[in-house]
Amino acid sequence: QVQLAESGGGLVQAGDSLRLSCTASGITFHSPGIAWFRQAPGKERDFVAGINTNTGVTAYTDSVKGRFTISRDNAKSTVYLEMNRMTFEDTALYSCATRPGTVLSRLPSDYEYWGQGTQVTVSS
């Protein structure tokens with residue numbers, strides 16, 4: 001049974017940094033991609049960043065390029081999202097997701113397994 005658990009959310013001020021963690025268990029498919037999505041109140045769930053845990057290939061949405069970094073520690077079965085120079089617009093519920101297959105998708109509907117999410121709030 002695939003399980004994803006996010007941690008690291010919290011309340012920060014604009015300009016601060018935060019690191020989120022997504023720890024996976026029960027994954028048996030090869031070279032899983034793990035992606036971070038976020039959903040602000042009243043808005044749709046949007047792709048933030050993704051990584052192929054085998055190759056290390058990454059992808060980012062334009063609004064976080066240069067500020068956010070996704071990385072993985074396969075020994076710990078954990079993917080990290082380092083968020084720097086945060087703004088009020090980064091406030092959202094952040095969730096990680098995975099699916100069988102090596103291609104990173106930016107569509108939430110393509111992902112089969114989801115964590116519960118961790119809330120990130122940036123005060124302006």
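Everything numeric in this text was worked out from a predicted model, so none of it was measured.
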Item to check | Side-chain donor or acceptor of S17 paired with backbone N/O of N84 under 3.5 Å | outcome: no
Checklist entry - Any luck finding a side-chain donor-acceptor pair between T78 and T23 under 3.5 Å? => result yes
Checklist entry - Distance-only, no hydrogens or angles: does the T98 side chain make a donor-acceptor pair with backbone N or O of G33 under 3.5 Å? => result yes
Checklist entry - Which pair of heavy atoms, one from F37 and one from S105, lies closest together, and at what distance? => result CZ-O, 4.3 Å
Checklist outcome for this item: Nearest heavy-atom approach of F47 to A35 is CE1-CB, 3.9 Å
Checklist entry - With ILVMFWY side chains joined below 4.5 Å, transitively, what does F68's cluster contain besides itself? => result V12, L18, L20, I34, W36, V48, I51, Y60, V64, I70, V79, L81, M83, M86, Y94, V120, V122
Checklist entry - Between E6 and G117, is there a donor-acceptor pair closer than 3.5 Å when you use the side chain of the first and the backbone of the second? => result yes
Checklist entry - So with a 6.0 Å cut-off around CD of Q116, is the heavy-atom count from everything else above 12? => result no
Checklist entry - So if you build clusters from Ile, Leu, Val, Met, Phe, Trp, Tyr with side-chain heavy-atom gaps below 4.5 Å, do W114 and I27 land together? => result no
Item to check | Connected hydrophobic set around L11, excluding itself, where side chains approach under 4.5 Å | outcome: none
Checklist entry - How long is the gap from CZ on R38 to OG on S63, to the nearest 0.5 Å? => result 4.5 Å
Checklist outcome for this item: Output for pair (L4 CG, S95 OG), nearest 0.5 Å, gives 10.0 Å
Next on the checklist: Between R99 and P32 (side chain of the first, backbone of the second, donor and acceptor by atom type, cut-off under 3.5 Å), is there such a pair?
Outcome noted: no
Checklist entry - Can you find a pair of side-chain heavy atoms, one from T87 and one from R85, that are under 4.5 Å apart? => result no
Checklist entry - Between OG of S124 and CD of Q13, what distance do you get to the nearest 0.5 Å? => result 10.0 Å
Next on the checklist: Please determine whether salt bridge (Lys or Arg N to Asp or Glu O under 4.0 Å) holds for the pair R67 and D90, giving the CA-CA distance in whole Å, both sets of side-chain angles, and the decisive distance to 0.1 Å.
Outcome noted: CA-CA 11 Å; R67 299 190 300 122; D90 295 321; 2.8 Å; yes
Next on the checklist: Could you check whether D46 pairs with R106 (Lys NZ or Arg NE/NH1/NH2 to Asp/Glu carboxylate O, under 4.0 Å)?
Outcome noted: no
Checklist entry - Sub-3.5 Å donor-acceptor pair from the side chain of N74 to the main-chain atoms of T53, do we have one? => result yes
